[in-house]
Amino acid sequence: MLDSVAHSTFLPNASFCDPLMSWTDLFSNEEYYPAFEHQTACDSYWTSVHPEYWTKRHVWEWLQFCCDQYKLDANCISFCHFNISGLQLCSMTQEEFIEAAGVCGEYLYFILQNMRSQGYSFFNDPEETKATIKDYAVSSCLKTSGIKSQDCHSHSRTSLQSSHLWEFVRDLLLSPEENCGILEWEDREQGIFRVVKSEALAKMWGQRKRNDRMTYEKLSRALRYYYKTGILERVDRRLVYKFGKNAHGWQEDKL
DNA sequence: CGTGCATTTCCTGGTT
DNA sequence: AAACCAGGAAATGCAC
């Protein structure tokens with residue numbers, strides 16, 4: 001089972017990232033049936049069929065795509081739970097997803113629901129969706145190597161909304177596209193970083209928490225509380241912080 | 001409903 | 001003077 005997932009092929013990235021493409025467009029677009037002229041629905045890619053009509057193979061292909069694209073830990077996923085059709089997949093509740101794949105399940109559920117409502121535009125939404133995906137993947141245990149499936153399950157309640165400030169800061173440091181020069185590594189190895197645009201950082205954090213009253217003054221107070229818990233360590237320079245021993249996921253060689 | 005955690009808000013005072 | 005830093009105290013929102 002795992003082998004079939006690991007060895008099947010994906011569409012190249014460029015093929016499904018057109019944000020303007022609807023399900024109808026995708027379905028009728030010949031580009032999605034490039035190599036096989038007389039394909040049946042069973043032979044088509046999952047990307048060319050609405051999730052409700054997915055075959056078991058489509059479900060597998062989708063799972064593989066998600067694992068690959070969002071660095072989900074396949075160890076967290078009970079693949080036998082997903083040996084089902086698209087119709088059955090779509091009827092699964094979030095709880096059932098979590099039961100089948102822990103925090104990865106919560107994430108997969110999130111992706112599926114968005115795909116069902118938005119089609120592939122979901123994968124290329126430059127706004128919230130993209131940040132949501134990234135944050136979802138990075139803030140939970142998904143990107144950490146060597147994580148045990150039990151750990152994933154124990155974190156199954158972790159979600160975007162519960163993402164902590166230090167994780168938000170960490171993820172910003174780790175994603176240059178979102179960062180926009182707001183944060184900068186001062187010493188990558190030691191986890192020392194500088195807040196370059198304090199106002200922008202506060203604004204972004206405020207957006208994340210849906211709080212337009214957020215300021216750097218208040219954000220920095222929250223950061224200072226991290227000194228006590230070892231998430232951050234004090235650095236005696238303005239706007240400079242350092243990850244402490246209880247912060248994880250920021251080290252280059254451990255990503 | 002109560003409790004605890006993680007901020008958020010506010011504030012006084014000190015530093016760059 | 002503006003922008004930060006240090007923390008105390010209390011309030012808030014949320015999950016359990």
Q: Reckon A/R213 touches a base, only the sugar-phosphate, or nothing at all at heavy-atom distances under 4.0 Å?
A: sugar-phosphate
Q: Given side chain to side chain contact (heavy atoms under 4.5 Å, CB included), test A/K218 with A/R213 step by step and report yes or no.
A: CA-CA 9 Å; A/K218 291 187 276 192; A/R213 298 177 308 279; 4.1 Å; yes
Q: CG/A/L219 to CZ/A/R221 distance, rounded to the nearest 0.5 angstrom?
A: 12.0 Å
Q: Taking atom types as they are modelled, would you say the side chain of A/Y226 forms a donor-acceptor pair with the base of C/dA6 within the 3.5 Å cutoff?
A: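 Result: no qualifying N/O pair found.
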Q: Write down the distance between CE (A/M214) and P (B/dT8), rounded to a whole number of angstrom.
A: 4 Å
Q: Heavy-atom count around A/Y227 OH within 6.0 Å, excluding the residue itself: above 12?
A: yes
Q: Ignoring hydrogens and angles, answer whether the base of C/dA3 and the side-chain atoms of A/R238 contain a donor-acceptor pair closer than 3.5 Å.
A: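 Answer yes: a donor N or O sits under 3.5 Å from an acceptor.
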Q: Of the listed nucleotides (C/dC5, C/dC4, C/dA6), which one gets closest to any side-chain atom of A/S220?
A: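 Out of C/dC5, C/dC4, C/dA6, the nucleotide with an atom closest to A/S220's side chain is C/dC5.
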Q: Atom CD in A/Q207, atom CZ in A/F168: separation rounded to 0.5 Å?
A: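 A/Q207 CD to A/F168 CZ: 8.5 Å, rounded to 0.5 Å.
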Q: Contact class for A/Y216 (heavy atom, under 4.0 Å): base, sugar-phosphate, or nothing?
A: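 Sugar-phosphate only.
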Q: Tell me: CD of A/E217 to C1' of B/dT12, nearest whole Å?
A: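 In whole Å, B/dT12 C1' lies 12 Å from A/E217 CD.
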Q: Measure CZ/A/R224 against P/B/dC11 and give the value in whole Å, please.
A: 15 Å
Q: Could you give the CZ-to-P distance, from A/R208 to B/dT8, as a whole number of Å?
A: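 Roughly 12 Å, once rounded to whole Å.
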Q: Apply side chain to side chain contact (heavy atoms under 4.5 Å, CB included) to A/W250 and A/W185, showing your working.
A: CA-CA 11 Å; A/W250 58 269; A/W185 286 110; 4.1 Å; yes
Q: Tell me the interatomic distance from A/Y225, atom OH, to C/dA11, atom P, rounded to whole angstroms.
A: 13 Å
Q: Over how many whole Å does the gap from A/H164 atom NE2 to B/dT7 atom C1' extend?
A: 9 Å
Q: Verify the contact: side-chain N or O of A/S198 to OP1 or OP2 of C/dC4, cut-off strictly under 4.0 Å; return yes or no.
A: yes
Q: Starting at atom CZ of A/R221, determine the distance to atom C1' of C/dA6, rounded to an integer number of angstrom.
A: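 Result: 7 Å.
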Q: Given B/dT8, C/dC4, C/dG7, identify the nucleotide with an atom nearest to the side chain of A/N211.
A: B/dT8
Q: Please state how far atom NZ in A/K209 lies from atom P in C/dA11, giving the value in whole angstrom units.
A: 19 Å
Q: Within the pair A/W205 and B/dT8, is there a side-chain N or O less than 4.0 Å away from OP1 or OP2?
A: yes
Q: Counting any heavy atom closer than 4.0 Å, what does A/L219 reach on the DNA or RNA strands: base, sugar-phosphate only, or nothing?
A: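 Nothing, no nucleic acid heavy atom in range.
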Q: Taking the nucleotide of DNA chain C with the closest heavy atom to each, which residue, A/E199 or A/K228, is nearer the 5' end?
A: A/E199
Q: State which of C/dA6, B/dT9, C/dA9 makes the closest approach to the side chain of A/K218.
A: B/dT9
